[in-house]
Amino acid sequence: MNLEFFTSKLWRYRGSRIRPEMEHLVRKVMLILFFVPFSISMVLFWKSSVTRGWDVLLNTIQDLSFVFMSLSISTLISLVVILIMYFWQYERYRKLLHKQKIASMIISKGFCDTVQYERHNVLTEKKKMVEGYSYFPRFYYRVSGGYMYIRIAMDMQKYQEQFLDLGKTFENGLFCDMQGVEMEEGFICYKFLFNVASHRIGIEDVLPQNGSVQLMKTQWWDFDSLPHALIVGGTGGGKTYTIFTLLKAFLGMGNVYICDPKNSDLADLSAVLPNVYSKKDGMIMCARKFYEGMVQRLEDMKKMPNYKTGGNYADVGLEPSVLVFDEYVAFLSSLDWKEAEKLLFYLQQITMLGRQVGYFLILACQRPDAKFLPDGIRDQFGLRLALGKLSETGYAMLFGEVDKSFKPKRIKGRGYADYGTGTISEFYSPYIPKGYDFLAELKKTAEARGALAAGAASGNESEVSGAVLEEGA
């Protein structure tokens, strides 16, 4: 209790203090890294000449070829040391650069007060006016647990209001994604993801746990609390592989239903999984069956002896089910108004009622147009992923009007994500090893939990197409 009081009330480590002399921090460190090996090398070159007397030393100095060689080799050694340290300690370099940028920002934006004072040189007995700081704000920089924290003291000085609105400045200047802003006692804390690319995990690490799926080292999708996913991405953005990854995770704990109107990669899963549809009638039927299953489960759950109001499917021992609908917008635009109205009704009900009973929806498209995603559906997605490069309109359609600078990079599987918290952060989809066989791995996962049905999806489609037509009549 005493230790807790000490760390929370009396003292708390907030990070490295940003000071005025850090304005040229990287240059200073580089000079040290240069001159230390340079000096050692020069000492080794000239050691024998110095120890053998002045005559030998003067003769050596007059040997221009030796002087040039010693300077050249010492300089080369120093540059090699700098390059080695740069690549070996790149993360340290980034931290130094961040501190330098923050110090430069404080000075350039005028967040400090300067004062002129007189300095007396004891040796020359001369006086000169120099500039110092009568006030320099307390900024603290810290990297911990994959996050970067910048804390600023709320000291009631004249710059305090400006300190409350530095999030976008840090985000753009330090090239990182802000995760949130917290008010601490006497401080405002900006939280950012640090070196997001290093948080990428492999597909084998995407394991479901307690109603959530890990998508990056520091990011989880809590689908039990924030259900349903909307994945947007153009060709080559990594959308299909991300869907495969989520399919593998859900297949390991429940039932999956797949609709692929393009009859492309997802449709190939019909060779190893049931409930895979690529024809119009089969996909409409799949959505209807999924909706009816959800309604039936809701009724059945209430009759279970261990059911309690406010509980969910996991509390009564049931498994989740997920409907994956690829190229949803393109498919919906190809339907007549009656078919489209039915499909929208099924999907809207699933997004509104599915969470409690464990029925989840994953929609994927290239552009989330509002007319195909009415508010009743759009507002229900807990996870929103934008993969590849989207237009400003595309980002606005997916995430809404947000004060966020999107920085596209030509990396497959890279984009932005909102995990349901309202905070948009950089995202890297799980890494897929070269030669990874999705069909074999998904079949293995399905067999491991006994989810593999005897019938093929193509047979299912042919059996139910007549029923769908009859219903639509």
Side-chain angles (χ1 to χ4, degrees), residues 90-91 143-148 176-177 179 191-231 233 236-256 258 265-266 269 272-273 314 319-322 324 326 358 360 362 364 381-388 409 411-421 423-451:
Y90 179 71
E91 295 305 321
V143 174
S144 176
Y147 292 97
M148 179 178 70
C176 51
D177 279 298
Q179 297 297 289
K191 181 179 179 182
F192 305 86
L193 275 174
F194 182 79
N195 194 11
V196 186
S198 67
H199 296 189
R200 194 171 196 173
I201 61 176
I203 187 172
E204 298 300 333
D205 299 319
V206 183
L207 301 174
Q209 181 179 348
N210 300 325
S212 62
V213 173
Q214 186 176 12
L215 298 179
M216 296 182 70
K217 287 181 181 178
T218 56
Q219 301 293 347
W220 294 72
W221 174 31
D222 187 2
F223 59 84
D224 267 3
S225 302
L226 301 165
H228 317 303
L230 177 59
I231 304 174
K239 174 166 60 73
T240 301
Y241 277 5
T242 303
I243 294 173
F244 271 123
T245 302
L246 291 174
L247 274 174
K248 186 176 183 295
F250 275 100
L251 191 60
M253 57 180 168
N255 302 310
V256 297
I258 302 167
D265 293 332
L266 293 178
L269 295 177
V272 295
L273 295 177
E319 297 178 336
S321 294
V322 60
V324 177
D326 194 15
F360 303 103
I362 298 177
F381 291 106
L383 173 66
R384 301 177 187 220
L385 294 179
L387 298 173
K409 299 178 184 178
I411 301 175
K412 192 168 186 177
R414 187 261 183 194
Y416 289 90
D418 181 351
Y419 299 91
T421 61
T423 299
I424 303 166
S425 58
E426 191 176 2
F427 173 78
Y428 287 83
S429 63
Y431 175 73
I432 311 297
K434 189 176 182 179
Y436 189 86
D437 190 341
F438 272 107
L439 294 185
E441 293 297 326
L442 289 175
K443 182 179 180 181
K444 188 188 303 182
T445 303
E447 289 176 338
R449 62 174 299 276

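Predicted model, so just to flag it, every value in this text is computed and none were measured.
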Can you find a heavy atom in the side chain of Glu91 that is under 4.5 Å from one in the side chain of Val143?
no

Between the main-chain N or O of Ser198 and the side-chain N or O of Lys217, is there a donor-acceptor pair closer than 3.5 Å?
yes

Nearest 0.5 Å please: distance from the CG atom of Leu385 over to the CD1 atom of Ile231.
5.5 Å

Positive for side-chain contact (heavy atoms from CB on, under 4.5 Å) with Ile362, one of Val322, Val256, Thr242:
Val322

Listed pairs under 3.5 Å, donor-acceptor, residues 204-213 side chains, sequence neighbours left out:
{"residue": "Glu204", "atom": "OE2", "partner": "Tyr436", "partner atom": "OH", "Å": "3.3"}
{"residue": "Asp205", "atom": "OD2", "partner": "Gly202", "partner atom": "N", "Å": "3.4"}
{"residue": "Ser212", "atom": "OG", "partner": "Gln209", "partner atom": "O", "Å": "2.8"}

Could you tell me whether the side chain of Arg200 and the main chain of Ser429 form a donor-acceptor pair under 3.5 Å?
yes

Value rounded to 0.5 Å, distance of CG in Leu251 from CD in Glu441
11.5 Å

I'd like to know whether Phe244 forms a side-chain contact (heavy atoms from CB on, under 4.5 Å) with Leu269, so could you lay out the CA-CA distance, the side-chain angles of the two residues, the decisive distance to 0.1 Å, and finally the verdict.
CA-CA 10 Å; Phe244 271 123; Leu269 295 177; 3.6 Å; yes

Sidechain-backbone polar pair: Trp221 side chain, Leu226 backbone, donor-acceptor under 3.5 Å
yes

Side-chain (Asp418) to main-chain (Arg384) donor-acceptor, under 3.5 angstrom:
no

Look at atom CZ of Phe192 and say whether more than 12 heavy atoms of other residues, nucleotides or ligands are closer to it than 6.0 Å.
yes

Would you say the side-chain atoms of His199 pair up with the backbone N or O of Phe427, donor to acceptor, closer than 3.5 Å?
no

Gap between atom CD of Gln179 and atom CD1 of Ile424 - 0.5 Å precision
10.5 Å

Do the rings of Phe223 and Phe250 sit parallel, tilted or perpendicular, given the 30° and 60° boundaries?
tilted

Test log, rule salt bridge (Lys or Arg N to Asp or Glu O under 4.0 Å), inputs Lys444 and Glu447
CA-CA 5 Å; Lys444 188 188 303 182; Glu447 289 176 338; over 6 Å; no

